[in-house]
Each structure stands twice: as structure tokens, then as C-alpha cells.
Amino acid sequence: MEYTKQEFMAIITGREIKDGELIILGVGLSMLAGYFARFNHAPNLRPFTEGGVYGSTPVGGLPWGIECNRISANATSFTNAIDALGFLVLSGRADNAVIGAAQVDKYGNVNTTGIWDEPPWKTGKYTPPRVRLNGSGGASDISVGCKRYLIMASHEKRRFMERVDYISSVGFLTGGDSREKCGFIGGGPAAIISTLGILRPDPQTKEFYLEAYYPSTTIEEVKENTAWDLKISPDVKMVPEPTKEELKNLRAIDTTGSLRKKG
Amino acid sequence: MEYTKQEFMAIITGREIKDGELIILGVGLSMLAGYFARFNHAPNLRPFTEGGVYGSTPVGGLPWGIECNRISANATSFTNAIDALGFLVLSGRADNAVIGAAQVDKYGNVNTTGIWDEPPWKTGKYTPPRVRLNGSGGASDISVGCKRYLIMASHEKRRFMERVDYISSVGFLTGGDSREKCGFIGGGPAAIISTLGILRPDPQTKEFYLEAYYPSTTIEEVKENTAWDLKISPDVKMVPEPTKEELKNLRAIDTTGSLRKKG
Amino acid sequence: MQNKLLSIQEAVANYTWDGMTYCNGAALPVGSCSIAFGKEMVKQQRKNLNVICHCGSQQVNLLAAVGAVDRVEVGFSGLEVYGFANGLNRAVSSGKTLIEDYSNGAMALRFFGGAMNWPFVPTTVCRHNDQQWCSSDYPDEYPCKQKIPEITDPFTGKKYGALRTIRPDVAAIHVTMADIYGNAIMLGTEWNRFEMSRASKKVVLVADQIVHTDCIRQYPNLVRIISEVVDAVVYWPYAAWPQASPGLYDSDSEHMYYMNKMMKTQEDTDEYCAQWVNNWNSHEEYMALIGKDKIEKISQTDTAFLMDPYRKWIRSDAEIRELQDRTKG
Amino acid sequence: MQNKLLSIQEAVANYTWDGMTYCNGAALPVGSCSIAFGKEMVKQQRKNLNVICHCGSQQVNLLAAVGAVDRVEVGFSGLEVYGFANGLNRAVSSGKTLIEDYSNGAMALRFFGGAMNWPFVPTTVCRHNDQQWCSSDYPDEYPCKQKIPEITDPFTGKKYGALRTIRPDVAAIHVTMADIYGNAIMLGTEWNRFEMSRASKKVVLVADQIVHTDCIRQYPNLVRIISEVVDAVVYWPYAAWPQASPGLYDSDSEHMYYMNKMMKTQEDTDEYCAQWVNNWNSHEEYMALIGKDKIEKISQTDTAFLMDPYRKWIRSDAEIRELQDRTKG
């Protein structure tokens, strides 16, 4: 069965989501992965958005935003940001989340704020970025509060960096116990799901290594597309291809085929 | 026209309430004074309760509580305590309030918490009170946050004290600039309306003095019923008796005659 | 979503224990409160409770009167026009129950801070007064410095207090209506129930009515307590009696005065319990005890119109019984 | 209560000024936002604005694109699926607009703290990352220590950050419906609008519908913005267009993309303004510009049923015109 890289990513991310989890989802891939999981294997998943939209299933296609009418047509509750990001995320209550990254580094720190020719941490000055991105939104809150969370990113060398230009959402900072020392209640990123494979943090160093790669790629290609010296798990695996069932279930969610268009 | 002391107190307190004020009211006399004022001379008064009940007019008699159905039958909004006591009172936004006192002292500090044979400030220990009262409720918040507020109390020697057993709601503490030094956003008590007269704080010492007394009493009687050496305003006045109009308007609010029963 | 209906007996058996920190969702002393749940706790003889009330109500009045409360934190312990809480005050004056006083605004902030899972929350109130200086936890220290210590705003240098936040073990929250999954709508002031539902480790809803989830989806902005944080739903009409539930019934002023009068002595409290707490099990018996006339009288409330939009979604007793049977272990 | 209806022109004239701190009530970048109000600000040529957005929207995208924004504080500046906010990002990259980044959770807390009138609010987020270390207000200090200084919990000794709170001069808050006194009901996520309405020194409501106060009294628990804190009410159907208003209309995806594309250059922004911002005055002209077909299309929303309970209380245009005339100076 044919499928796109985006679809594969959504399915792999979905596999990381367990039944019953209280999970905060964002727009796009995040939401698709979450609702796919609920439809596929996690019927008791409790998804919500940072706007405090609870109990919803999107209608009419992928929502344009996490407050879009497509996700507001069958909610059981609408509350607010203090509730969703404060009481449920920063409190340490939410189990899981899926966030995106424009840049991610070897310790799972995420940048979604801006691209600099010379970033502030190099120049010691906060100058305007060459390219302004979006800021962190709720991802920074997720990175601090959720018990664990998943990072989705396009696997390219300019994105998988030794150190991101700007830490929007904390991962394991400089590795080792540097995150632990900060006292965040959340456990940090559990995995980076990329367009080429699955990366996990080393339990000691917290450096992300390659745990598994897609059938469509090779370990060499993954390494070539990673700016740090990517370590490979001694028992590195090939990621099992999407099953027919999984693809069917994903497409039942991605009714407008947004993931198929992207290639 | 016949009237009771309680009615007189409610009317005098009502006279202290200005049109347009954002005012927080409690049960009993406080509410009656407030709604009397709105009906009598302050049509644009904006009363609310610490439960976050807005836009209400009591129906069916004096409410049993500030969340009672009698004040919940025509509200324009029900919110909550954070909103009413936090956002509107502690923030410094509310203009006025009316609170009660079991004991009040010469600096307008109020006790509604307990009565001790030997209070904690004398013994240096926090032992159980001989008589437990109610605690401060929202009056402590009012004492800190409202631009000004009015204290209503029964004028008896055991209640009008040199120093209250327990400061539930701060007045001017030990007088002078002692309140100012605490940095509270609210201005403190503007008046004590008692069953015998009206007391105001001296602008310098903040000690409450007798500004006016009721036609039914004498300056001597007021002094006898006050445990501190009550100072009398050089131009002490007799409080003008309730007008027919005022009494009519009060009784239109106090439909069940709760103030007439008390004598 | 999971059907969370439980009988009141099961809910108390599963979600309360001796020595726990217990909150009850009262919209102030005359309003919405899970009083029936508290009575069941008395029946199941819970003791050594640490009760955190934003405001007292007849529930804590009763629990303290029977000697089940070791400690209580409160902003206001009285019953408003119905007077001082005789049962609680008796327990406090005797030294049986330690009482820790805050302002109502401070209690609200403490629930907010608990919901955030902060250990402290800033305050401008409960400072420079005896709510700061007196602590039952540090009775020998006056003025107490440990109850509400000082913090400094780093921007202005201004001093604030730090309040301990509240994270109760369990809150039994009274709501007007809920669905079987634990999505709830409150009519009347929320008081602290939104924050309490997020601050508590476990939440039991005590609902006067059970509605279809269609009602919940028609009014999602009214659904301030969500299934995501609720552990159990108890269906118990007139659960707040003798207090009020806006939209459904008024406070029973006769019984409010009577009950409070009875809490004044141990003997009368025992008598009250024998008659009004311990001699019902089913909801039918509970209703019979209140009496048909009384039910009719308190149900003729001026707030009844507030329920109009939701009536068509109210589930019948028979339906609920069937749904409840499904959750039985 | 006072009739507070004002025309959009009067409201902008009376409640906005150059150099002000301005908030707009957006339920995130695709939802409820007082966009028509922002367009009127462009027409009245407001400049040097300090805009505080919880999330960006097409409003701040436009205001920044025309060069009206000196500084912006934001948790998220993009347009979700509609992409990066080209107008804002152009202004930021050029250095015209300084941007101060926080997380969305931090922004929510900053509004909460502003509503409390605290100078700071504790935080566990925006610490140990560049949201703490980078500040447009202290560009030469990296890592910045002044933006989010450290405070210590006095109970545990644990370290927290202190966020500056927000007390905007004026917030223009989009709501689904309001009465003429400023009591408002929002459908869909509130996002920060409750806290924003309390944190702001002045509040202007921009309402898609005006309802009778009977509607407000039927649903008081839905009324989260209250007349007590509202200064003016602007009646402007489709005020959030091209964004969405749950219950009333979907986002206009075609125009969302188009508008954002036009914000990319100064020239196209000027062209966009000439066509879509500056050539309407009356609401009739505004509607004509959007076009009948488009109005019909976006109004066929799957959320329409959310409005059902309130339709009977909606006031007609003629009624509102009459009421509005009464408030004219």
C-alpha cells in the first residue's frame, strides 16, 4: 500500500500514544497523530487543546487551528488557556503531547521562534532574527509540564543541529542532569519522530540516538541529515511499515488527505 | 414616623454610598443598606457579592446568604470567588463595601473570628477562643482592597474596644501611618456606622472619633458605650432622622421587615 | 469516555478514608454543597479528617459536631443568616478541632495555586493581621512567621505574602447536573468549584440531576468541570438539602435553623444523626425523610426558570438505575 | 445599567491612541478576534502601538504590516495552518517591531496576574530557555536576568520565575453576543478573554450579535464578561472575519491565505488596505465587500447549533440602530 512520509510519521507518532492518556494536541500532524491513535488503538484517549477544547472529534477535515470551528462542533467543554496550559499542563497532570520543531538539537531542545545568521547565544546580543518563526505557543509549557512528549520534525541537516539557534521549548538542555537540575515537573521529550526515523534520549547523557529508521532510508542517510554525530543504537531496527489497518484508520481521520498532498 | 435602630443604621449607611460605585455587599444589613441606596439615590450603583453574583435585585425577602436563591433569580452573571474577591476587590478596583463587626477598635480594626478571655496578642499563644465566631469571610479582602468601606456594628462597650481580640480585617492597625506602611492598595475604613452614631477616622492619628450621633441618644451615652476614650468632633452633629421617603424606600427593599423585628 | 456513576455508599467507601484531606464543594454556606455525601461519611464513621472549606456549610458543621474533624481550614465558618455554625464552633472551642483561618479571597487563591501545582501563591491579604499571626499549626508562635511568610516582588521590591496552596486528596463537589462521564454544569455562583476540581487529586461529583451528553455538547461553555478530571459521579437529587441548589430548590430555612440548633450539644447531635443521618439508605428513604410537602415547598423556587433550557435532557431515575448497575463491580 | 453602544468609529476614536498598550481579544490565531476594530485603527492611523497578544491573529499581522506596531508581546505569532504571520514577521525581521516572546501558558498567567493587579506572577515556564534569556527590552544582555528574575518559594526553597503581569490600557475583545450594557457571552474557547477583561484598564466589546438582557439573565453562568468592567459595546457582525466565530461563521480560508500573502510586502499591504481596509465605512459596505456568497458560505458552519438557544433574543439591526442613536453625543 502506498503512503507518504507524512503519513508514516503520523502513524509512528500515534503508536507512541497510549490508551487512557490525557494528551494535549496541536494543529496539523500533532492532531492527526492523536486522533489516529484514538481511532486505532486508544479509544479512551483524553485529548484536549491549549484553548481548553475538550471531548472533541474534528469534523469536515483537518482543523485550521486548535480553536477552529472544525474542532468546536462537538466539544464537551470549552474553557480557557489558564485551565488547559496551567491547571492541566504546567501542573504536571498531562501525560503526553505532540509538538513540532523547526530546529531540534541533540538534547531535544526545540526552536520554533526564529533563525539567525549568528544566534544570540553566540553573539551575546538579542538581535532580530533573519527569519521570524512563530514563537513557542504552548509547546514551551508542554516541554516543562507534560510527563513526557513527542517531537515531530522534518529530518534535514539544517534542522537537526548540534545546538538550536534559540531554545523555545526545553529538552534536556546540555544533557546529563542539566534538565533535572532545573526542577521541571515534566519528564522531557520521550522521542523525536522524524521523516527518517525514531530518535530516543540516552538515559545517562540524554543525547538523542537513532533507535529505528524507515524502510525507505538508510542509516547513512539519517546520519548525513543530522548535524551532530548521531549515535546508532546497537540494536537499531527498521520501523515496521504502516499496516493496512493503520493506514485505513489514519485516512479515516485525515479525511481531506492533507498528509497525502505533502509527499 | 416610627423606625428601629437597625433601620436607621441601614439608612445612614446607605447615605454613605454614592451613585455609580462598584460595591461589594454581604448578607443582612450590608445588602439592605446597599439596595436601599440604589433604590433611593444611587440608581447606577453596581453591587456584587463575593460569590460573583452580578446585576441582581433580591426577590422574596432578605437573602439568607450572598449566594441564596433570593439573590440568584435575576442575576446578569454568576462567576466565582477569584473574580469577585481577587479581580475586583484585592485588585483595588471596587469602590466601596459594607462589612459587619463583632468587635471594632479605635483604629477601625475588626474582629469577626473569636472571643478570648486572654487574646493571643496578650498571651503570645494561639489558644482556642472561648467563643468561636465566623472568621473574616471576604471582609478581610475588602479591608485590604476596596478603595474605602463602611463598618456597621452594634454600639456596646464590649464591642467598641481599645484593641480587638483578633484582627480579622485590618483597619488602621496601630494608627498614624501604620496602615500606609503595609502597602495595602485600599484606603481603609471610611466610617463606623453604629447603633448610636457615626465615627470617622482622624486624618492624622486614624483614631475614630464621633462625628454625629442619633437623636435617640446623647454624647455621654455614646462615650459610656465605647471602651476607648472617644474623642468628639468639635462640630459634632445630630444625625438627620430618616426622611419619610428614605423609610419608604428602605421598606420597599426590606420587604419581610427583617430590620423592624430586631428593634 | 467512561461511565462513572457510583452509588453514594460506594463513592464514600472508595474515595474517603480516615485522616484524609477532604474538600467539599460548597457555593458558600447556604448554597450548593455535597451535604448528602458528608452524611454518608458520618454513616461510614470517617474520622480524623482534615477538612478544607472555602466557606463552612452544614456539611462541615455536622462532620465537626460528630467529632470527625481534627483540623479545618476555612475562610468563613458560619451559616450566614442562619447563624454561627454551632457544631463546628463547639468542636473548635473545646479544642477537638483545630481551625486555621484565612480570608475568602486567600482561600480562592490557594485553590488556584493548588490547581497550578505551585507550593505557594502570592497574596496581599492575610498580612499584617491575625490571619497571618495566628496559626493552629504553630500555636506557640505569636506573631507566627511560618504560616504566611514574606516574599519580595523582584520588579518593585514590594513585599507580598506567600500562601500555602491546597491540593486535597479528594473533593466531593456538588453540581446542578452532570453526565455519566463527569462533565458538569453548575447554576449559580461557582464559588471555588472550578479551581477545586483542578486542585484535587480525586474528584467525586454529587449531582442533583443527570443529563444526556447532548446537553453537555449543546452548552460546552457551561461545562466548567470536565470528565477528564472527574473520578466518580453520584446521582443524588436534593443532595444539598437543607441548603439551596439554584434552579432546583431553595434552602429549607426551617431545617437549617433546626439542624444548627441540634449541633449545639453532643446529645442533640446524636439525636439529629439518629433521625436524619443514620436512618436512610436509599434515595427513596432520604426523600421520604425530607417529606413530600417540604420537597414541594423548596422546589417552588424563583430560580426554577434557570433550569428550563436543560430539562429536556434530564435522565429518568429508571435510566440512571440501569446505567448505574453497569458500573457495579 | 447604562447603554454603552458605540459605533466602531467612535469606539476607536475614544478608546485608542498613539503609543498605547493595546490588547485584542483573540481566541487564538484563527478564532474570535476584534479584527474589524483593528482595521478601524488602521483607518484612523494609530501608530507606535505596544500590542500585547496572547496569540497573534490577522489583526496584529495587519497592524504590524502597516507599521503601526513598535513592540509586541506574544506567546505565538503565527496563523496556525495558515502559516507564519507575514506582516508581523516582516516588521520583526526589519527591526521595526520589537518582539518579546513568552509561552502561551506564561501569557495566560500574566493576564491572570494583571487581573489581580499584582506586579509579578510565579512561573515554572519561560525559565532556563531563551524566552528567559532573550529580551527585546534588554537586547545587550544575554542571558537576560531582568526579564524573568528568580524568586524562591519560602516553603520549599524551590526556585520559580517571576513574570511581569499585564495591565493593558485598552482591550478590544471580540464576543459572540453582548447586551447593550456590556454583559457578554462567548461561544468556543475563552482563551484569555475572561482574565483580559479584568486586567485591562478599559474594555471595548466587539460583538457579532446584540441580545436582549433577558438572554443574559437566562444564562448568567455563561456571562463571563460583565457590564461592570465594560466601557463600550460595538455591534459589528462578522467582526472576526476572515477568522472564525464559533456558532456564527467559519474562517474564510481563501481570504486568510490571501490576506497573509498580501502582508508580505509593503506594496501589497498598501494594496490590501486600499481594497479591504480603507474603502468601507458603514457595516453595509463592509458586508458588501466580503460579498454575499462568501457570507453565506462561511455562515454554513458545523457549529451553528451552538447559537440555537440564543437566537430568539437577538436584536434586529433596526432596533440596534435606534439604541445606538441614543448613546450618540
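In what follows, chains carry the letters A, B, and so on, assigned in the order in which the sequence lines appear, proteins first and then strands, with residues in each chain numbered from 1.
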Tell me, for D:Thr123 versus chain A, whether the close heavy atoms (under 4.5 Å) come from the side chain, the backbone, both or neither. neither

Are any of the side-chain heavy atoms of A:Ile82 and D:Glu195 separated by less than 4.5 Å? yes

Using non-hydrogen atoms only, which part of D:Gln132 is less than 4.5 Å away from chain A: side chain, backbone, both, or neither? neither

Interatomic spacing from OG1 in D:Thr189 to OH in A:Tyr54 - rounded to 0.5 Å: 9.0 Å

Heavy-atom distance under 4.5 Å to chain A: side chain of D:Lys158, backbone, both or neither? side chain

Among D:Leu109, D:Val125, D:Asn104, find the residue that satisfies the side-chain contact (heavy atoms from CB on, under 4.5 Å) test when tested with A:Leu85. D:Asn104

Donor-acceptor pair, distance only, cut-off 3.5 Å: does the side chain of D:Asp101 make one with the backbone of A:Gly135? no

Option passing side-chain hydrogen bond (donor to acceptor under 3.5 Å, both in side chains) with A:Arg132 (candidates D:Ser77, D:Ser93, D:Ser94): D:Ser77

What part of D:Arg193 lies closer than 4.5 angstrom to a heavy atom of chain A: side chain, backbone, both or neither? neither

Which atoms of D:Tyr138 come close to chain A, meaning under 4.5 Å heavy atom to heavy atom: side chain ones, backbone ones, both, or neither? neither

Between the side chain of A:Glu67 and the main-chain N/O of D:Val30, is any donor-acceptor distance below 3.5 Å? yes

Can you tell me which portion of D:Ala106 sits under 4.5 Å from chain A's heavy atoms? Options are side chain, backbone, both or neither. backbone

Bottom line for D:Leu28: the part with an atom under 4.5 Å from chain A's heavy atoms is both

